[in-house]
Amino acid sequence: GQQVMQIPQYQHVQEGEDFTTYCNSSTTLSNIQWYKQRPGGHPVFLIQLVKSGEVKKQKRLTFQFGEAKKNSSLHITATQTTDVGTYFCAGSNSSGSARQLTFGSGTQLTVLP
Amino acid sequence: EAGVAQSPRYKIIEKRQSVAFWCNPISGHATLYWYQQILGQGPKLLIQFQNNGVVDDSQLPKDRFSAERLKGVDSTLKIQPAKLEDSAVYLCASSQRLAFQETQYFGPGTRLLVL
């Protein structure tokens with residue numbers, strides 16, 4: 001079955017430093033989504049990437065989808081304490097009628113003030 | 001707009017007991033998902049409904065887990081009997097396809113501890 005790997009598992013940064021998490025799928029994806037889960041909370045949708053090589057920005061967050069549509073990255077510029085949480089990528093291959101998302105294991109970000 | 005509602009928020013049971021979780025999706029969302037999230041891992045899809053029909057239940061341990069979505073709205077997930085390894089957060093999500101995007105909205109989850 002489809003597998004989605006995410007690295008690193010944990011990342012501690014000083015406030016103001018940059019942060020990047022990487023996502024790699026074992027199969028070609030039709031789209032990839034990114035979610036953020038605050039400690040004790042539930043996943044919240046951030047963005048969806050669909051096109052090969054697509055880059056999207058949300059303020060300090062930059063999302064990329066690889067040319068082969070098998071990998072993706074999330075980069076946060078100048079982290080803030082509000083960025084704390086676990087970031088998950090979730091890939092979909094939309095096979096058949098099931099639009100199933102396979103989540104990565106997440107990257108837990110800690111921002112030290 | 002009201003979000004996805006789940007109850008109970010917390011549940012502690014002993015192994016071999018039964019437990020049931022309830023989910024009320026966002027109004028109008030045809031697709032409903034149940035996920036299991038073990039501490040330190042990403043959510044794992046257990047079952048996906050489209051209206052009141054099952055679309056995917058390939059990862060549902062059917063010997064002990066069951067789910068239903070009567071009338072295509074609310075859903076319940078049951079575990080009978082529970083095992084220690086079932087301790088996790090059970091997340092319900094719903095979605096509605098708009099254009100080329102289908103965003104999943106998650107509920108707060110039910111935290112299950114099996115002793």
Side-chain angles (χ1 to χ4, degrees), chain A residues 1-10 21 23-25 29-51 54 56 58 63 65 72 74 85-110, chain B residues 1-7 9-10 21 23-26 29-51 53-60 88-112:
Chain A
Q2 180 179 304
Q3 291 187 353
V4 177
M5 315 295 182
Q6 209 173 333
I7 57 168
Q9 189 174 0
Y10 303 97
T21 173
C23 184
N24 195 58
S25 170
L29 301 170
S30 60
N31 67 75
I32 194 158
Q33 298 185 1
W34 285 90
Y35 290 78
K36 177 182 178 181
Q37 186 172 24
R38 294 183 185 275
H42 56 275
V44 175
F45 174 81
L46 293 177
I47 207 160
Q48 175 175 286
L49 304 172
V50 178
K51 299 176 184 176
E54 188 171 14
K56 286 189 176 180
Q58 287 180 353
F63 304 83
F65 201 8
S72 181
L74 157 59
T86 301
Y87 292 84
F88 293 98
C89 61
S92 171
N93 58 19
S94 297
S95 58
S97 60
R99 199 167 300 277
Q100 183 186 112
L101 281 180
T102 301
F103 280 79
S105 54
T107 296
Q108 186 176 318
L109 173 64
T110 300
Chain B
E1 179 183 85
V4 176
Q6 287 188 250
S7 68
R9 293 295 308 278
Y10 306 91
F21 313 127
C23 173
N24 182 235
I26 293 173
H29 283 196
T31 310
L32 184 147
Y33 314 78
W34 282 102
Y35 289 89
Q36 180 193 59
Q37 187 175 24
I38 292 172
L39 188 64
Q41 298 182 18
K44 178 185 124 181
L45 180 69
L46 294 175
I47 190 166
Q48 177 180 341
F49 292 94
Q50 182 77 17
N51 296 309
V54 175
V55 173
D56 188 337
D57 64 356
S58 58
Q59 298 191 91
L60 186 74
V89 177
Y90 290 84
L91 294 163
C92 178
S94 69
S95 69
Q96 181 183 43
R97 184 163 174 75
L98 295 173
F100 297 103
Q101 184 161 305
E102 189 157 4
T103 302
Q104 294 191 20
Y105 295 88
F106 284 82
T110 296
R111 297 178 185 277
L112 174 67

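As the structure is a computational prediction, the values presented were derived from the model and not from experiment. A note on names: the letters A, B, ... follow the listed sequences, proteins ahead of strands, and every chain is numbered from 1.
Judged purely by distance below 3.5 Å, without hydrogens or angles, the side chains of B:Q104 and A:Q33 never pair a donor atom with an acceptor atom.
For chain B, no part of A:Q6 is nearby; none of its heavy atoms comes within less than 4.5 Å.
Taking the centre of each ring, A:F45 and B:F106 stay at or above the 6.0 Å mark.
B:K44 pairs by the salt bridge (charged side-chain N to carboxylate O under 4.0 Å, His left out) definition with nothing, not counting sequence neighbours.
Taking OG1 of A:T86 as the start and CD of B:Q41 as the end, the distance is 12.5 Å to the nearest 0.5 Å. Going from atom OH of A:Y35 over to atom OG1 of B:T103 covers 6.0 Å, rounded to the nearest 0.5 Å.
Annotation: side chain of B:Q37 is in contact with side chain of A:Q37 (closest heavy-atom distance under 4.5 Å). When side chains are defined from C-beta on, B:Y35 does not count as touching A:P43, because their heavy atoms never get closer than 4.5 Å.
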